[in-house]
Amino acid sequence: MGDWKRSHMCGVLRSEHIGQKVVLMGWVQRRRDHGGLIFIDLRDREGLVQLVFSQDIDVESFNKAEVIRSEYVLAITGKVISRPEGTENPSLPTGMVDVEVEEVKILNKAKTPPFYIEDGVEVDENVRLRYRYLDLRRPEMYNSMLLRHRAAKAARDFLDRNGFLEMETPMLTRSTPEGARDYLVPSRLNSGKFFALPQSPQLFKQILMVAGMDKYFQIVRCFRDEDLRADRQPEFTQIDLEMSFVDVEDVLILMEEMIQLICKETIGVVPKLPFPRISYQEAMDRFGLDKPDTRFGLEIKDISDVAKSCGFKVFNGAIENGGQVRAINAKGCGAYSRKDIDDLTAYANIYGAKGLAYFIVGPEGSIKTPITKFFTQEDLNIIVERLQGEEGDLLLFVADNSDIVAAALGNLRLHVAEKMAIIPEDKFNFVWVLDFPLLEYDQEEKRYTAKHHPFTSPREEDLDLLDSDPAAVRARAYDLVVNGMEIGGGSIRIHQRNIQEKMFNALGLSKEEADEKFGFLMEAFEYGTPPHGGIAFGLDRLVMLLAGKKSIRDVIPFPKTASATCLLTNAPDIVDDAQLKELHIKTDVKLKGTEK
RNA sequence: GGAGCUGUGGUGUAGUGGUUAACAUGCCGGCCUGUCAAGCCGGAGACCGCGGGUUCAAGUCCCGUCAGCUCCGCCA
């Protein structure tokens with residue numbers, strides 16, 4: 001660069017700069033060579049501007065321009081001029097001006113990139129991830145990173161203004177039972193022992209409350225060694241916070257204010273407060289999922305009462321076995337073909353439904369269905385009425401235990417809505433889901449596990465149920481859901497040793513085990529612990545939503561693939577025997593795909 | 001652990017079991033002073049993810065495997 005100092009970003013030049021001498025630095029977006037006149041679009045993160053090279057301006061620069069190729073890195077000096085009349089390009093923010101190049105330095109050459117550096121590219125994600133540094137040069141990727149920065153900044157500023165201290169918690173911590181699989185880190189100085197990377201700073205932030213910090217927050221990386229999804233990465237970022245002397249209400253009110261600010265500062269949308277609230281039970285009843293998408297109807301209706309006495313064995317059998325029969329009305333889908341309905345059935349099968357019964361509502365309340373004969377006319381009328389069936393509607397029924405019915409219909413509802421294209425894309429429907437059950441029964445482990453986590457406080461009035469009817473205990477927990485996606489969750493915590501012990505007991509954790517794994521927490525509780533509670537938001541998911549992306553990989557600079565590898569660095573990889581030896585670690589796997 | 005989809009020049013795609021694998025774009029060379037997805041002319045570039053099998057003959061059919069993606073399980 002010599003002693004050149006950049007005077008402007010490429011993308012900011014406008015008519016007001018006409019006449020100015022500028023020094024620009026950036027990447028070559030594209031070169032257009034007209035023989036005696038060469039145009040080069042120079043790009044930086046702010047946008048691009050057209051450079052003009054001509055023998056009339058500077059012969060040396062012109063000669064250099066002939067060998068310049070895409071993605072070369074240039075520094076230029078030149079003059080901003082008004083474009084000759086008729087050659088303005090209104091589709092470009094900088095389209096009213098040119099920069100006449102007087103001197104050019106090629107700061108670096110570039111190989112031809114494997115894909116176009118522009119928005120809307122259709123490239124295998126494989127290739128994008130391998131060349132992530134090129135992918136990130138694309139404006140839409142930069143914009144997502146910018147949005148992410150602004151979201152984090154808005155959260156940080158908001159929390160600072162509201163008295164929260166940003167504090168760090170250890171990345172090397174202890175593995176604890178319950179929850180996701182831990183990523184383990186061997187300790188060289190303590191051979192045979194392992195740290196775990198935190199699944200969340202949960203215990204530390206509670207201990208910070210014991211320590212009188214009053215309000216804590218952190219924008220923090222968390223690690224979970226579980227299988228990936230479009231919205232799940234092994235390392236992800238949370239806006240994590242905790243407050244002392246608060247109840248559910250305090251957390252919700254402050255947090256929706258923060259979310260409102262984040263929306264405003266990133267995409268200029270100001271969601272209306274307060275956010276609607278719904279109980280877990282109502283969400284399951286109406287939407288089949290604990291993360292309801294409230295942007296459209298198609299709500300689930302229970303017809304168990306009618307189905308109980310019908311002659312259709314699938315229906316009445318399900319109810320005899322303690323199950324239920326519920327349904328949704330796919331409005332106006334009565335013309336679906338046999339294949340369409342087979343596809344819906346296959347979709348319901350994914351969630352454990354053994355089948356999918358259907359009614360097609362015909363003219364004057366008539367019903368077309370293979371199972372009409374099992375129902376009295378009166379029953380048919382009740383069902384159609386309950387689902388508000390009209391001519392041309394398709395009613396879809398699932399009969400099974402409540403979990404399967406909810407999952408199948410809940411997901412079918414989303415699937416059908418998508419197929420019908422009735423989901424308003426521009427809406428942000430936030431909703432708090434409250435009154436989660438504290439525990440759920442794990443069939444495999446034959447014990448109760450915490451629905452949220454083991455430090456969640458039960459509602460006071462349900463405390464006695466912990467022994468008699470654990471499944472009925474409601475938690476002081478809350479999730480924030482938007483458009484069917486869970487973006488945050490938290491709870492008021494247990495702050496008394498005896499209740500925490502009760503909780504561990506309910507989870508089937510022996511006193512010894514509880515002491516060994518969580519003794520430090522319970523001991524802390526004995527030294528004057530304030531009532532406290534908090535919440536954590538998934539920053540990646542929040543940004544994905546605001547950026548309108550379908551995968552959190554698109555808002556993470558260096559994401560991992562579905563099999564938890566990094567295609568840029570090739571991590572994870574085998575390590576030298578010497579490293580393993582130092583750690584006293586031996587592996588017994590046959591390695592696959594580790595060749596360099 | 002399971003299910004599905006995808007894999008063909010650098011990139012994106014086409015390719016009823018049958019000659020020399022087609023198209024677009026990019027790339028290289030030439031021409032060109034107002035283009036902006038510049039244009040025109042010419043050229044190079046893939047043995048079809050990998051390994052088996054069926055067949056006279058496989059990009060195409062079968063089996064396995066690898067990779068990417070989506071989903072179920074899993075994710076307090």
Side-chain angles (χ1 to χ4, degrees), chain A residues 29-41 48-57 62 69-71 83-92 94-95 98 111-118 120-131 134 176-182 199-200 202-203 222-234 236 346-353 404 407-408 411 415 436 438-440 442-445 448-456 475 477 486 489 491 503-504 507 509 536 538 550-551 553 560-563 565 567 592-595:
Chain A
Q29 177 70 27
R30 192 168 263 116
R31 186 182 69 120
R32 290 176 295 279
D33 185 345
H34 288 241
L37 186 70
I38 296 171
F39 299 104
I40 285 177
D41 293 333
L48 48 83
V49 69
Q50 177 166 273
L51 310 180
V52 183
F53 295 79
S54 153
Q55 284 160 322
D56 305 338
I57 306 164
F62 179 83
R69 294 294 181 269
S70 289
E71 300 306 312
R83 286 202 184 183
E85 204 174 327
T87 65
E88 305 90 348
N89 186 349
S91 58
L92 232 54
T94 59
D98 281 336
K111 287 167 79 171
T112 303
F115 52 87
Y116 313 116
I117 311 297
E118 61 189 31
V121 283
E122 285 174 30
V123 195
D124 202 284
E125 197 163 350
N126 225 326
V127 181
R128 289 178 53 202
L129 290 174
R130 170 145 181 249
Y131 299 96
L134 298 179
T176 54
E178 305 290 310
R181 291 185 189 87
D182 285 320
Q199 296 177 29
S200 88
Q202 184 60 35
L203 298 176
C222 302
F223 305 86
R224 292 177 192 174
D225 188 5
E226 296 293 345
D227 286 3
L228 293 82
R229 290 285 190 283
D231 62 351
R232 273 167 32 192
Q233 284 271 306
F236 60 100
Y347 193 79
N349 290 152
I350 296 172
Y351 300 93
I404 289 177
N411 286 293
H415 185 72
F436 280 85
L438 184 71
L439 304 164
E440 59 190 348
D442 187 317
Q443 294 292 347
E444 260 177 47
E445 295 195 41
Y448 283 96
T449 58
K451 176 102 184 157
H452 183 54
H453 59 48
F455 316 105
T456 298
E486 182 204 326
S491 62
M503 180 68 175
F504 285 142
L507 295 174
L509 214 64
K550 291 209 160 58
S551 160
R553 292 186 302 277
K560 298 198 168 41
T561 66
S563 52
T565 66
L567 294 180
K592 60 169 187 182
T594 49
E595 72 280 358

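Per chain, numbering begins at 1; letters A, B, ... match sequence-line order. Since the model is a prediction, treat every value here as computed from it, not as a measurement.
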Taking the same atom, [atom1], in [N] and in [M], what whole-Å distance lies between them?
| N | M | atom1 | answer |
| --- | --- | --- | --- |
| B:A22 | B:G45 | C1' | 14 Å |
| B:U65 | B:G4 | P | 13 Å |
| B:G59 | B:G17 | C1' | 11 Å |
| B:G15 | B:A37 | C1' | 27 Å |
| B:G26 | B:U11 | P | 15 Å |
| B:C50 | B:U6 | C1' | 16 Å |
| B:C69 | B:U8 | P | 16 Å |
| B:G9 | B:C47 | C1' | 11 Å |

Contact class for [X] vs. all strands (heavy atom < 4.0 Å): base, sugar-phosphate, or nothing?
| X | result |
| --- | --- |
| A:Glu122 | sugar-phosphate |
| A:Asp33 | base |
| A:Asn89 | base |
| A:Pro84 | base |
| A:Arg553 | sugar-phosphate |
| A:Glu88 | base |
| A:Arg229 | base |
| A:Thr176 | nothing |

Q | Residue whose nearest RNA chain B nucleotide is more 5′ - A:Asp41 or A:Asp124 | A | A:Asp124
Q. Given that A:Arg31 and A:Gly86 both sit by RNA chain B, which one's nearest nucleotide is further toward the 5' end?
A. A:Gly86
With a 3.5 Å limit on both atom pairs, tell me what [N] is paired to, counting Watson-Crick and G-U wobble, or say none.
| N | value |
| --- | --- |
| B:C74 | none |
| B:G39 | B:C31 |
| B:C61 | B:G53 |
| B:A24 | B:U11 |
| B:C69 | B:G4 |

Is there a donor and acceptor pair closer than 3.5 Å between the side chain of [X] and the base of [N]?
| X | N | value |
| --- | --- | --- |
| A:Arg83 | B:C36 | yes |
| A:Asp227 | B:G73 | yes |
| A:Asp98 | B:G34 | yes |
| A:Arg224 | B:C74 | no |

For [Y], does its backbone N or O pair with a side-chain atom of [X] as donor and acceptor, under 3.5 Å?
| X | Y | result |
| --- | --- | --- |
| A:Gln29 | A:Ile117 | yes |
| A:Gln50 | A:Gly95 | no |
| A:Gln199 | A:Ala180 | yes |
| A:Gln233 | A:Lys560 | yes |

Q. Going by an N to O cut-off under 4.0 Å, is there a salt bridge joining A:Glu88 and A:Arg83?
A. no
(Q) One thing to verify: whether A:Arg232 and A:Asp227 come together as a salt bridge, which I'm taking to mean a side-chain N less than 4.0 angstrom from a carboxylate O. (A) no
Q) Rounded to the nearest 0.5 Å, what separation is found between the CG atom of A:Leu203 and the CZ atom of A:Phe455? A) 4.5 Å
Q) Taking only N and O in the side chain of A:Thr565, is any of them less than 4.0 Å away from OP1 or OP2 of B:G68? A) yes
Q. A:Arg32 side chain N/O closer than 4.0 Å to the phosphate oxygens (OP1, OP2) of B:U35?
A. no
**Q.** B:A38 base stacked by A:His34 (centroids within less than 5.5 Å, tilt under 30°)
**A.** yes
**Q.** A:Phe115 ring over B:U11 six-membered base ring, under 5.5 Å and 30°
**A.** no
(Q) Taking the side chain as everything from C-beta on, heavy atoms only, tell me whether A:Ile57 gets closer than 4.5 Å to A:Phe62. (A) no
Q) Just wondering, do A:Leu439 and A:Met503 contact through their side chains at under 4.5 Å, heavy atoms? A) yes
Nearest whole Å is fine: how far is [N] [atom2] from [X] [atom1]?
| X | N | atom1 | atom2 | result |
| --- | --- | --- | --- | --- |
| A:Phe39 | B:G39 | CZ | P | 14 Å |
| A:Asp56 | B:G34 | CG | P | 12 Å |
| A:Ile350 | B:C71 | CD1 | P | 10 Å |
| A:Asn126 | B:U6 | CG | P | 16 Å |
| A:Asn411 | B:A3 | CG | P | 20 Å |
| A:Leu134 | B:G10 | CG | P | 17 Å |
| A:Arg232 | B:C69 | CZ | P | 14 Å |
| A:Gln29 | B:C36 | CD | C1' | 11 Å |

Q. Sequence neighbours excluded, which residues qualify as side-chain hydrogen bond (donor to acceptor under 3.5 Å, both in side chains) partners of A:Asp442?
A. none
Q: Check every atom of B:C72, B:U70, B:U11 against the side chain of A:Tyr351 and return the nucleotide holding the closest atom.
A: B:C72
Q) Which listed nucleotide (B:G68, B:C36, B:C69) is nearest to the side chain of A:Leu92? A) B:C36
Using a cut-off of under 3.5 Å, enumerate the N/O to N/O pairs linking the protein to nucleotides 21-28 of chain B.
| from | atom 1 | to | atom 2 | distance (Å) |
| --- | --- | --- | --- | --- |
| B:U25 | O2' | A:Tyr116 | OH | 2.3 |
| B:C28 | OP1 | A:Arg69 | NE | 2.9 |

Q: I would like to know whether A:Phe39 and A:Val52 meet side chain to side chain contact (heavy atoms under 4.5 Å, CB included); could you show each step before the answer?
A: CA-CA 5 Å; A:Phe39 299 104; A:Val52 183; 4.0 Å; yes
